[in-house]
> 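Following this message is one structure expressed as structure tokens.
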Amino acid sequence: MHHIDVKILDSRLRDTPPHYATPGSAGLDLRACIESPLKIHPGETHLVPTGIAIHLADPGLAAMILPRSGLGHKHGIVLGNLVGLIDSDYQGEIFVSTWNRGKETFTLNPLDRLAQLVVVPVMQVGFNVVDEFTESDRGAGGFGSTGHG
Ligand SMILES: O=c1ccn([C@H]2C[C@H](O)[C@@H](COP(=O)(O)OP(=O)(O)OP(=O)(O)O)O2)c(=O)[nH]1
């Protein structure tokens, strides 16, 4: 298992440092480190601090912030940037762009679990500029060009 450095920036999280809820969990809970309940009206987006900073350090790693399924499906609380990408050299606090795409006001309470962080391997590649690609079966066909079935 990889280990990465984390800073706890909000003392309320001291007793709950980031950990996977079950051994099979892919996402680490990110909590809303706000001082008081926050009403998010339909269509609004708020940048919510999470009280933690991570340093992935290895350019072969990145972290993605993803919505929580229940919040997104039932309450329309998703991400203003759809997916958040944390670079391996980022050391600042992690923020969640919190968008209420639903039709009802949602109240976010301090330390609520808001989103999830997934650490993923990243391959960095070099680009060779060419005039022609080596031929493939698909060629430039996309957007449904292989049919529906
Ligand atoms: O949902 C997010 C997305 C990003 N970040 C942090 C970590 C990331 O490494 C940094 C920069 O993000 P990104 O590269 O996506 O932002 P940008 O808008 O392209 O700006 P920059 O010029 O800072 O790269 O902001 C967050 O805290 N939450």
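For ligands, and for the atoms within them, numbers begin at 1 and follow the listed sequence. Side chains are part of it too, since the values below use all heavy atoms of this structure and drop only hydrogens, waters and symmetry mates.
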> Please report which non-hydrogen protein atom sits nearest to atom 25 (O) of ligand 1, along with the residue it belongs to and the distance in Å to one decimal place.
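Checking every protein heavy atom, the shortest distance to atom 25 (O) of ligand 1 gives Tyr90 CE1, 4.1 Å.
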> Nearest protein heavy-atom contact for atom 5 (N) of ligand 1: which residue, which atom, what distance?
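For atom 5 (N) of ligand 1, the nearest protein heavy atom is Ile86 CD1, 3.8 Å.
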> Tell me the protein heavy atom at minimum distance from atom 9 (O) of ligand 1, and give that distance in Å.
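Scanning the protein heavy atoms, the shortest distance from atom 9 (O) of ligand 1 goes to Asp87 OD2, 2.6 Å.
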> Identify the protein heavy atom lying closest to atom 15 (O) of ligand 1, giving its residue, its atom name and the separation to 0.1 Å.
Leu85 O, 4.2 Å
> List the atom of Gln116, the atom of Arg68, and the distance in Å for their closest heavy-atom pair.
NE2-CA, 4.1 Å
> Is there a protein heavy atom at a distance of less than 4.0 Å from atom 21 (P) of ligand 1?
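It does not; no protein heavy atom is within 4.0 Å.
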> For Ile94, take its heavy atoms, then give the atoms of ligand 1 lying under 4.0 Å from any of them.
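In order of number, 27 (O).
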> Counting distance only, does the side-chain N/O of Thr50 pair as donor-acceptor with the main-chain N or O of Ile94 below 3.5 Å?
yes
> To check you understand the geometry: which heavy-atom pair defines the closest contact between Ile54 and Ala63, and what is its length?
CD1-CB, 4.2 Å
> Drop me the distance from Thr98's OG1 to Leu114's CG, to the nearest 0.5 angstrom.
4.0 Å
> Less than 3.5 Å apart, any donor N or O on the side chain of His41 or Thr105 sitting next to an acceptor on the other?
yes
> Tell me, which protein residue and heavy-atom name are nearest atom 27 (O) of ligand 1, and how many Å apart are they?
Phe95 N, 3.0 Å
> Which ligand 1 atoms does Gly84 reach within 4.0 Å, using its non-hydrogen atoms?
1 (O), 2 (C), 3 (C)
> Can you give me the closest heavy-atom contact between Val122 and Leu61, atom names plus distance?
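Taking every non-hydrogen atom into account, CG2-C, 4.0 Å.
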> Tell me which protein heavy atom sits closest to atom 1 (O) of ligand 1, plus the residue, atom name and distance to 0.1 Å.
Asn81 ND2, 2.9 Å
> Which atoms of ligand 1 have any heavy atom of Ile65 under 4.0 Å away?
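Ligand 1 atoms under the 4.0 Å threshold to Ile65: 1 (O), 2 (C), 28 (N).
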> So which atom in Ser145 and which in Arg138 form the shortest heavy-atom distance, rounded to 0.1 Å?
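Result for this residue pair: OG-NH1, 3.9 Å.
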